[in-house]
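Every value quoted in this text rests on a predicted model; they were computed, and no experiment measured them. Atoms considered below: every heavy atom in the structure, side chains included; atoms not considered: hydrogens, waters and symmetry mates.
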There are 2 protein chains.
Amino acid sequence: MTVMITMEELKKRLQERQCKLTPQRQIVLQVFIENHDEHLSAEEVHQILREQGSEIGLATVYRSLELLSDMDILQKIDFGDGRSRYEINKRDEKQHHHHHIICLECGNVKEFEEDLLENLEELISKKSNFNIVDHQVKFYGYCQECQKKREN
Amino acid sequence: MTVMITMEELKKRLQERQCKLTPQRQIVLQVFIENHDEHLSAEEVHQILREQGSEIGLATVYRSLELLSDMDILQKIDFGDGRSRYEINKRDEKQHHHHHIICLECGNVKEFEEDLLENLEELISKKSNFNIVDHQVKFYGYCQECQKKREN
DNA sequence: GTTGATGCAAAACTTTTGCAACACG
DNA sequence: CGTGTTGCAAAAGTTTTGCATCAAC
């Protein structure tokens, strides 16, 4: 079972660092809750909120994204398309990692869950003398549709 | 044994795509050969070349980096510091992948070689229906020095 | 009132592009 | 000449910042 953060918890966590749960921060997080399978850029979040009638400013979106990332509620990712993207950090009991497969042709991103790297993390920790706390894996290739197109 | 590309080979490969081996492209590659353990940004390459007395323009550096990346002579990487970085693609007989461990405190980047993911690539290929051709792994943690600092 | 947050505009950065000039067979 | 390349300046795009105003306790 995956669980996302609740607004209650967000409020508490924000107060811990003397921050407020403002309507803007709330709706930014809401966008990610409602689009938990997407990897949204700041501009896209802003767009979505504007379409919903909000008058939030782009700078506020950026500031909210940074804050939520610092708090590990969002995760910042880079797919090499020139802008930062964010996704909500789902937490389940095992703290599963999920990673991305990126199509080199159309840019489409697919997710996959895999824990095979947990062991590796330990191994690398010892070898490198780093205290490793996280990892990110990206696979690059061609999605099924683009494979078909390439055959022609 | 790792082998880097030679200027001879570069020239040949450039001619294959109707491109020329200009002095500018040559010195850009030279920077990476001489700094094969670094991950340089466009601005840094430009800086280094200017210090060496070259009058190369920044736009030319960008264009060279893009060309060399397209040719798989350089690899573009992103460490989340707001600019693209590049490193030379070393080729050895086994086409080893090497990956990065990034210190969350000081930003220091260390490399590690590991082939454990080759099998994984195949597995994911089947599961996802992607034709996977490459992967990139980043570990995040704290380097030995920053661990010590944190203990105080 | 004090503190933190917002929106706007401007600024800062990185990267790309248009174009006249150049290089070289 | 012709083709591809360069350097410069301008443009484009993303992200950050300064600041006056606002909101909430």
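If you take CD1 of I27(B) and C1' of dG7(D), they are 13 Å apart, rounded to a whole angstrom. As rounded to whole Å, 10 Å separates atom P of dG7(C) from atom CG of L49(A). Remark: P of dT14(C) and CG of L40(B) are 15 Å apart, rounded to the nearest angstrom. Atom CG in D78(A) sits roughly 11 Å away from atom P in dT15(C) (whole-Å rounding). With rounding to whole Å, Q47(A) atom CD is found 12 Å from dT14(D) atom P. The separation between E66(A) atom CD and dT6(C) atom P is 13 Å, rounded to whole Å. In this structure, CG of D70(A) is placed 11 Å from P of dT16(D), rounded to the nearest angstrom. The interatomic distance linking E16(B) (CD) with dG4(D) (C1') rounds to 17 Å, in whole Å.
For A59(A), taking side-chain heavy atoms from C-beta onward, the closest of the listed nucleotides dT6(D), dT17(D), dT15(C) is dT17(D). The side chain of I56(A) sits closest to dG7(C) out of dG7(C), dG7(D), dT15(D). Closest to the side chain of T60(B), out of dT6(C), dG7(D), dA5(C), is dG7(D). Distance from the side chain of R83(B) is smallest for dT14(C) among the nucleotides dC8(C), dT14(C), dT14(D).
Contact annotation for R85(A): no contact, since no heavy-atom pair falls under 4.0 Å across all strands. Residue contacts shown for Q18(B) are limited to sugar-phosphate atoms, with no base heavy atom under 4.0 Å away. Counting non-hydrogen atoms under 4.0 angstrom, E55(A) reaches the backbone sugars and phosphates but no base.
Applying the 3.5 Å distance criterion, the base of dG4(C) shares no donor-acceptor pair with the side chain of R63(A).
Side-chain atoms of E34(B) and Q30(B) include a donor-acceptor pair closer than 3.5 Å.
Within the 4.0 Å cut-off from OP1 or OP2 of dT15(C), at least one side-chain nitrogen or oxygen of Y62(B) is found. A close approach under 4.0 Å does not occur between any side-chain nitrogen or oxygen of Q24(A) and OP1 or OP2 of dA23(D). Listed pair S84(A) / dT14(D) fails the phosphate criterion, with no side-chain N or O lying under 4.0 Å from OP1 or OP2. Residue T22(B) places no side-chain N or O under 4.0 Å from the OP1 or OP2 atom of dT5(D).
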> Are H39(A) and E111(A) close enough, and set up right, to give a side-chain hydrogen bond (donor to acceptor under 3.5 Å, both in side chains), and what steps lead you there?
Replying inline: CA-CA 11 Å; H39(A) 318 94; E111(A) 310 199 340; 2.8 Å; yes

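The number of heavy atoms from other shown groups lying within 6.0 Å of NZ (K11(B)) does not exceed 12.
Exactly one of L14(A), N89(A), L67(A), L29(A) qualifies for a side chain to side chain contact (heavy atoms under 4.5 Å, CB included) with I73(A). That residue is L29(A).
For the pair Q147(A) (side chain) and Y142(A) (backbone), a donor-acceptor distance under 3.5 Å is present.
Annotation: side chain of R13(B) is in contact with side chain of I5(B) (closest heavy-atom distance under 4.5 Å).
When each of L67(A) and L58(A) is assigned the nucleotide of DNA chain C with its nearest heavy atom, L67(A) is the one assigned upstream, toward the 5' end.
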